[in-house]
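Every number for a ligand or one of its atoms is a count from 1 in the order of the listing.
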Amino acid sequence: MGHNSAAYLHLLAESMKLAYADRSEYLADPDFVEVPVAELTDKAYAARQRKLIKANRATPSAQITPGRELAQESQDTTQYTIADRHGNMVSNTYTLNASFGSAIAVPGTGMLLNNEMGDFAARPGGANMFGLVQGERNKIEGGKRPLSSMSPTIVFRDGQPWFATGSPGGSRIITTVLQTILNAMAFDMNAATAGISARIHHQWLPDEILAEQGISPDTVRLLEEMGHTVKLGGRTIGRTQSIMFENGWLLGATDTRRPQGWVAGY
Ligand code: DON
C-alpha cells in the first residue's frame, strides 16, 4: 500500500475507530479505575479486533462498540455470600462446571449450557477433569444428578446463623470450606483471616498433599518424614467469600490472595 493511498488510510481509519471505541470505555486515571493494559496490548486481542475490519468498506461507527472481548470473567465457579441486618444469611455456589460450561449457548437467550456431566464418573475408576476418581454409584444414569463438591455452608451458633462461607474450586471446594470453617470455629480466626490462611488439599487420588505458599518448609519436611508426598505452589486453593456475625457486626471477607476477589486472578 502506498503512503496515504486510500487503501492505507482506510485501514488506518478503521483501526483508529476500534482503538478509540476501546479508549471511550476502558481508559481513565488508573488511580481510580483498573485499566486493562495487558489485555488491550495483547497481540491475540489485536488479531481478533483486526477481523472486524472489512478490507474495502468502512464500518459505520454506530456499529462499533468497545471491545467486549476484554470483559474479564473468572473461569471459576461463582460464590456469593449475603447477610441482612436481621442476621439472615445466604451462601450460594453456582457453576457451569468448566469455563463456559459445554460452550453451547441456547439460541436467542445468551444462556450457556453447563457441562455438569463431567461430575459423573463417565468411566467408573477413571479420573474426571478435577482428577477425581469415582465409582459405579456415580455412573451416568437417566434422571440422576451428578455428584457435586459445591459446599455453600452456614454455621449456626446458639440457633442463629453465625458464619457463612463457600468457594469455587472444583474438587478443592470441600477442603477449602472445611479449613475455612475450622479456622473460624476451632482457631477463633475472624472472617478475613479464616479465608486467607494457607490451605492444603488432599483428595485421596492422586496420593499427594497440595500445599499453598505459606505452609512452612519445616512443616512440609515433617509431613514428608511422615510419609506424605507434598506438592507445593500452584493456584490458590479455592477463593472464599465469607460473612461472620460477631458482636452485632456483620464482617464480610473475600479471599484477597486472588486479586480483588471478584476478578480473574491467579
Ligand atoms: O459441582 C461441582 O463439584 C463442580 N461442577 C464444580 C466446578 C467448579 O467449581 C469449577 N471451578 N472453579
Q.
One thing to verify: whether Arg199 and Asp255 come together as a salt bridge, which I'm taking to mean a side-chain N less than 4.0 angstrom from a carboxylate O.
A. yes

(Q) Salt bridge check, Arg235 against Asp76: does any charged N sit closer than 4.0 Å to a carboxylate O? (A) yes

Q) So, for Gln79 and Gln241, which heavy atoms are closest and what is the spacing to 0.1 Å? A) O-CG, 3.5 Å

Q | Minimum heavy-atom distance between Leu11 and Ser15, given as atom pair plus value | A | O-OG, 2.7 Å

Q | Under 4.0 Å from ligand 1 - residues by heavy atom, chain and number | A | Asp76, Thr77, Thr95, Asn97, Glu116, Asp119, Phe130, Ser148, Ser149, Met150, Pro168, Gly169, Gly170, Ile173

Q) Could Arg257 and Glu212 be called an ion pair, given the rule that one side-chain N must be under 4.0 Å from one carboxylate O? A) yes

Q) Are the side chain of Asp158 and the backbone of Gln160 linked by a donor-acceptor contact shorter than 3.5 Å? A) no

